[in-house]
Q: 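Before I ask anything, here is the structure I am working with.
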There are 2 protein chains.
Amino acid sequence: MKLLGGAWTPSLVWCLSAEPRRFSELRADIPRISAKVLSARLRALEAEGVITRSVLPTSPPSVEYALTELGRELIPVIEAIVRVGTKLTRMTAMAPVSLESVLRD
Amino acid sequence: MKLLGGAWTPSLVWCLSAEPRRFSELRADIPRISAKVLSARLRALEAEGVITRSVLPTSPPSVEYALTELGRELIPVIEAIVRVGTKLTRMTAMAPVSLESVLRD
DNA sequence: CTGTATCCCAGACGATACTG
DNA sequence: CAGTATCGTCTGGGATACAG
């Protein structure tokens, strides 16, 4: 829970679970997150050993974030949350279900 | 995550997953929780439809909390957290692992 | 593009004390 | 036994603006 408790953290891990992604890609994946919070969460996850941060020597510079082995351990938890969250959301609303709402609410 | 995000919430759902329990039993199950927070979490979970609260007509009065069907939906998530948390804790420390630490840290 | 710097505040949490 | 009341602290998160 310490690892997944921060705002947007489950969404973030989920977005990185398929493939490494860059800062701006994550911003696009999760439109409502602010740059500040995204940065904060990425720093925290890096400090906890959940993700890695690699600066690619391009111009303009790009930065790639990827799950570590530890990060991949968390995927089953996210999957359980998504599964339950989707089921519960479908029970109360018939509208389409967004991934963000499932992981946050 | 909204349902499980509060402090001690996963521990609480876990404690209720096997059988209904009373206020003082929960305090004993989770020694470091304060009465105020326990009460607050129970009220919140009740409002969210995760648990039920039944006052038993005994003297002195006792109150029993139980998971609803919705609450039982959350058990797989807790199990996933416990499974991963236990594994990760074992990787970094060789000391015995407490359930509270697995669910909180 | 990839961030940091400020400011701000609601609310969550904890300790302690008190009550029907 | 099963809570409430009160107080204080702290930090997480959001908006906005700026920077290398």
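Model, not experiment: these values are computed from the prediction. Proteins come first, then strands; the chains are lettered A, B, ... in the order of their sequence lines, and each starts at number 1.
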Q: Using a 4.0 Å heavy-atom cut-off across all strands, classify B:R53 as base, sugar-phosphate, or nothing.
A: sugar-phosphate
Q: Compare side-chain N and O positions of B:R41 against OP1 and OP2 of C:dA12 and report whether any pair is under 4.0 Å apart.
A: no
Q: Compare side-chain N and O positions of A:S39 against OP1 and OP2 of C:dG3 and report whether any pair is under 4.0 Å apart.
A: no
Q: Between A:P60 and A:A40, which residue's closest nucleotide on DNA chain C lies nearer the 5′ terminus?
A: A:P60
Q: Given atom CZ of A:R32 and atom C1' of D:dA15, what is their separation to the nearest angstrom?
A: 13 Å
Q: When we call it a touch if two heavy atoms are under 4.0 Å apart, what does A:R21 touch: a base, just sugar-phosphate, or nothing?
A: nothing
Q: Any side-chain heavy-atom pair from A:W8 and A:V37 closer than 4.5 angstrom?
A: yes
Q: Please name all residues satisfying salt bridge (charged side-chain N to carboxylate O under 4.0 Å, His left out) with A:E19, sequence neighbours left out, ordered by chain then number.
A: A:R21
Q: Ignoring backbone atoms, establish whether A:R27 has a side-chain N or O less than 4.0 Å from OP1 or OP2 of C:dG3.
A: no
Q: Select one nucleotide: of D:dC1, C:dG14, C:dG3, the one nearest the side-chain heavy atoms of B:W8.
A: C:dG14
Q: Nearest nucleotide by nearest heavy atom, which residue falls closer to the 5' end of DNA chain D, B:K36 or B:R22?
A: B:R22
Q: Rounding to a whole Å, what distance do you find between A:L38:CG and C:dC1:P?
A: 13 Å
Q: OP1 or OP2 of D:dG3 versus the side-chain N and O atoms of B:R43: is any pair under 4.0 Å?
A: yes
Q: For A:R32, is there an ion pair with A:E100 - N to carboxylate O distance below 4.0 angstrom?
A: no
Q: With a 4.0 Å cutoff (strictly under), does any side-chain N or O of A:S24 reach OP1 or OP2 of C:dT2?
A: yes
Q: Measuring only between side-chain heavy atoms, which start at C-beta, is A:V63 closer than 4.5 Å to A:L56?
A: no
Q: Here's a test of your reading of the structure: between A:A35 and A:P61, which maps to the more 5' nucleotide of DNA chain D?
A: A:A35
